[in-house]
Colleague: 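Quick one: the structure is below, questions incoming.
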Amino acid sequence: MRRTNLLTALVVAALIVGALIGHAFLWDANATPEAQEQAVAGWREAGNLLFIRPLMLIVIPLIFTSVLTGIVSIGDPKRLGVVGGATLVFYVLTMVLAVAVGITLAATFEPGAGVSPDLVAQAAGGAAPVAPAAGETGLGAAWLAIARQLIPDNFLRAAVERQALSVISATILLGVGLIAIGERARPFTAAVEALHEALMRLVLWIIWLMPLGVLLLVAWGVGRFGLATLASSLGKFVLIVVIGLAIHMFITLPVVLRVFGGARPFRYMWGMRPALLMAFGTASSMATLPVTIEAAQEAGASKRAAGLVLPLGATVNMDGTALYQGIAVVFMFQAFGYDLTFAQYLVIVLTATLSAIGAAGVPGGSLATIIIIVTAVNTTLRGAGVDPLPLSAIGLILAVDRVLDMCRTTVNVWGDSVGARIMTRLAPDLEEERERAFA
Ligand code: ASP
């Protein structure tokens, strides 16, 4: 059995066993959420210690080495601009497509209409789980959050606080400087390349902890929230999100990959399975990034494209998150009895895309940014003299968030991988270029 197949089989087994353990031994339908949280906390802690922390240890240095070697190897700043520009356009367009699909589904099938009044009343009386600071909400805040990340004022702080977007933009700047000094940069870039190789070697080892990590984290997720909630009055919401994600994963992105990347989408998806499974098991695109880089290179993306496009993708490109946020916000307004107008749907498309860009690639990353979208819609409601939606409405979706997080993170990582494969056309590796020249 090939190593990748063995790993895949082990992770699939871990997913199943983890879910069974969580359901049969950890979930207690009679416990209060707080008691349940405490009872299963150890599983999450063990999963974090044994798997997520070692990966997170590597991820920031890896983003640095991978972006820097990608940039230096492309060399020509003009070409770099073309690759970077094309990547960003690809990211934004696919995210807008994803939200549009999500919102269309939510507006058509109205998942919010069937939510039990008890649940709505409970959410209305609850506290907003992520209380936004004054002035930190709305559309302006979404732009500002992204701009602040793009223009860091302290590289070390950005690295320490794991602000990946800031690390990337600072690294791009350094890369351009290194290209400008030509040959004299060589000793430094050679050292960074060596560091990159060493980190990737570590990833190859840590990857074998994936089955254990996934088992612990899935057991925790199922044990913490229970599977029964998925079939409750939130069942329609869950179903619409899953259908939307499936459309984006199995139809939209494969068509885009076929047309713009000239690749066979499902073969590539099969090649990406370690990363996709890992995304599903961990609900974190950031923790998955090292595996995504490794798998994409194996599956046919060039080293240069994978090195540059994937770190950016893990931070910026979140198709699944954008789609989910769109549906979640429409759902919340529906459940509270609002009728949204077309203009308000457009506000949601715009803010959901922006806030998906700003969301961190960690479990539950989009819960914080959903508030930004709700506030933007609330501003339009206030303008029309209507009472705004209470921010605590987000409490409605908390019980099903983890499972949907696993699904949307898988789509996020798949979207990044498709980007890397398409950009391989613009940034092939040198050997490929040479082969083509002599073909
Ligand atoms: N967990 C997602 C990710 O890591 C972000 C989110 O919460 O939507 O990509």
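Model, not experiment: these values are computed from the prediction. Values reported hereafter were calculated over all heavy atoms of this structure, with side chains retained and with hydrogens, waters and symmetry mates removed. Counting starts at 1 for both ligands and their atoms, following the listed order.
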Colleague: Quick one, Asp401 with Arg408, criterion salt bridge (Lys or Arg N to Asp or Glu O under 4.0 Å). Give me CA distance, side-chain angles, the key distance, then yes/no.
Modeller: CA-CA 10 Å; Asp401 189 70; Arg408 65 185 184 252; 3.2 Å; yes
Colleague: Answer side chain, backbone, both or neither: which part of Met286 comes under 4.0 Å from ligand 1, heavy atoms only.
Modeller: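 Looking at Met286 and ligand 1, no heavy atom falls under 4.0 Å.
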Colleague: Would you check the N or O atoms of Gly361, main chain and side chain alike, for any that come under 3.5 Å of an N or O of ligand 1?
Modeller: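 Yes; the residue has a nitrogen or oxygen that sits under 3.5 Å from a nitrogen or oxygen of the ligand.
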Colleague: Restricting to non-hydrogen atoms, name the atom on Pro274 and the atom on Thr4 that form the minimum distance, rounded to 0.1 Å.
Modeller: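 In this case the closest contact between Pro274 and Thr4 is CG-CG2, 3.6 Å.
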Colleague: So among Leu174, Leu173, Thr171, which one has a side-chain contact (heavy atoms from CB on, under 4.5 Å) with Phe155?
Modeller: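 Looking at Leu174, Leu173, Thr171, the match for Phe155 under the side-chain contact (heavy atoms from CB on, under 4.5 Å) is Thr171.
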Colleague: Give the atoms of ligand 1, by number and element, whose distance to some non-hydrogen atom of Ser366 is under 4.0 Å.
Modeller: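 Those of ligand 1 that fall under 4.0 Å from Ser366 are 6 (C), 7 (O), 8 (O).
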Colleague: Counting heavy atoms only, which part of Ala360 comes closer than 4.0 Å to ligand 1: side chain, backbone, both or neither?
Modeller: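 Looking at Ala360 and ligand 1, just backbone atoms fall under 4.0 Å.
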Colleague: Are more than 12 heavy atoms, taken from residues, nucleotides or ligands other than Phe266, located less than 6.0 Å from that residue's CZ atom?
Modeller: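 Result for CZ/Phe266: enclosed.
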Colleague: Nearest to atom 2 (C) of ligand 1, what protein heavy atom do you find, and at what distance?
Modeller: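 For this ligand atom, the closest protein heavy atom is Thr409 OG1, 3.3 Å.
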Colleague: Please identify which atoms of ligand 1 are closer than 4.0 Å to at least one heavy atom of Gly364.
Modeller: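 It comes down to these atoms of ligand 1: 7 (O).
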Colleague: Which ligand 1 atoms, with their elements, are less than 4.0 angstrom from a heavy-atom of Ser284?
Modeller: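 Reading through ligand 1 atom by atom, the close ones are 4 (O).
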Colleague: Can you find an N/O atom of Leu367 closer than 3.5 Å to an N/O atom of ligand 1?
Modeller: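 No - when backbone and side-chain N and O of Leu367 are compared with those of ligand 1, no distance drops under 3.5 Å.
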Colleague: Counting non-hydrogen protein atoms only, what is the nearest one to atom 1 (N) of ligand 1? Give residue, atom name and distance.
Modeller: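 Checked against all protein heavy atoms, atom 1 (N) of ligand 1 sits closest to Asp405 OD1, 2.7 Å.
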Colleague: For Ser166, give me all partners under side-chain hydrogen bond (donor to acceptor under 3.5 Å, both in side chains), at least two apart in sequence or on another chain.
Modeller: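 By the side-chain hydrogen bond (donor to acceptor under 3.5 Å, both in side chains) rule, Ser166 matches no residue at all.
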Colleague: Not counting sequence neighbours, list each pair that qualifies as a ring pair (Phe, Tyr, Trp, His ring centres under 6.0 Å) and has a residue in residues 197-255.
Modeller: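 Passing the test, one end in residues 197-255: Phe237-Phe331.
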Colleague: Give the numbers and elements of all ligand 1 atoms closer than 4.0 Å to a heavy atom of Asn412.
Modeller: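 Counting from 1, the qualifying ligand atoms are 2 (C), 3 (C), 9 (O).
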Colleague: Does Tyr338, at its OH atom, have more than 12 non-hydrogen atoms belonging to other residues, nucleotides or ligands within less than 6.0 Å?
Modeller: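 Yes, OH of Tyr338 has more than 12 neighbouring heavy atoms, counting only those of other groups under 6.0 Å.
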Colleague: Answer with side chain, backbone, both or neither: which part of Val362 has a heavy atom less than 4.0 angstrom from an atom of ligand 1?
Modeller: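 The backbone, only.
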Colleague: Can you list the ligand 1 atoms lying under 4.0 Å from a non-hydrogen atom of Thr321?
Modeller: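 Atoms satisfying the 4.0 Å criterion: 5 (C), 6 (C), 8 (O).
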Colleague: Might you confirm whether atom CD of Glu161 has over 12 heavy atoms from other residues, nucleotides or ligands at distances under 6.0 Å?
Modeller: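 Yes - once you tally the heavy atoms of other residues, nucleotides and ligands closer than 6.0 Å, there are more than 12.
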Colleague: Counting from 1, what ligand 1 atoms have a heavy atom of Gly365 closer than 4.0 Å?
Modeller: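 Taking each heavy atom of Gly365 in turn, ligand 1 has 6 (C), 7 (O) under 4.0 Å.
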Colleague: Do Arg267 and Trp270 form a cation-pi contact, if we require the NZ or CZ to be under 6.0 Å from the six-membered ring centre and within 45 degrees of the ring's axis?
Modeller: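 No, Arg267 does not lie over the aromatic ring of Trp270.
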Colleague: Touching ligand 1 at all, Ala359? Heavy atoms, strictly under 4.0 Å?
Modeller: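 No, Ala359 has no heavy atoms under 4.0 Å from ligand 1.
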Colleague: Which residue holds the protein heavy atom closest to atom 9 (O) of ligand 1, what is that atom called, and what is the gap in Å?
Modeller: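 The closest one turns out to be Ser285 OG, 2.4 Å.
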Colleague: Between Glu193 and Thr69, is there a side-chain donor-acceptor contact under 3.5 Å, judged purely by atom types and distance?
Modeller: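 Glu193 and Thr69 do not have a side-chain donor-acceptor pair below 3.5 Å.
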Colleague: Hey, does Ala283 come in under 3.5 Å of ligand 1, counting only N/O atoms on both sides?
Modeller: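 Yes, at least one N or O pair falls under 3.5 Å.
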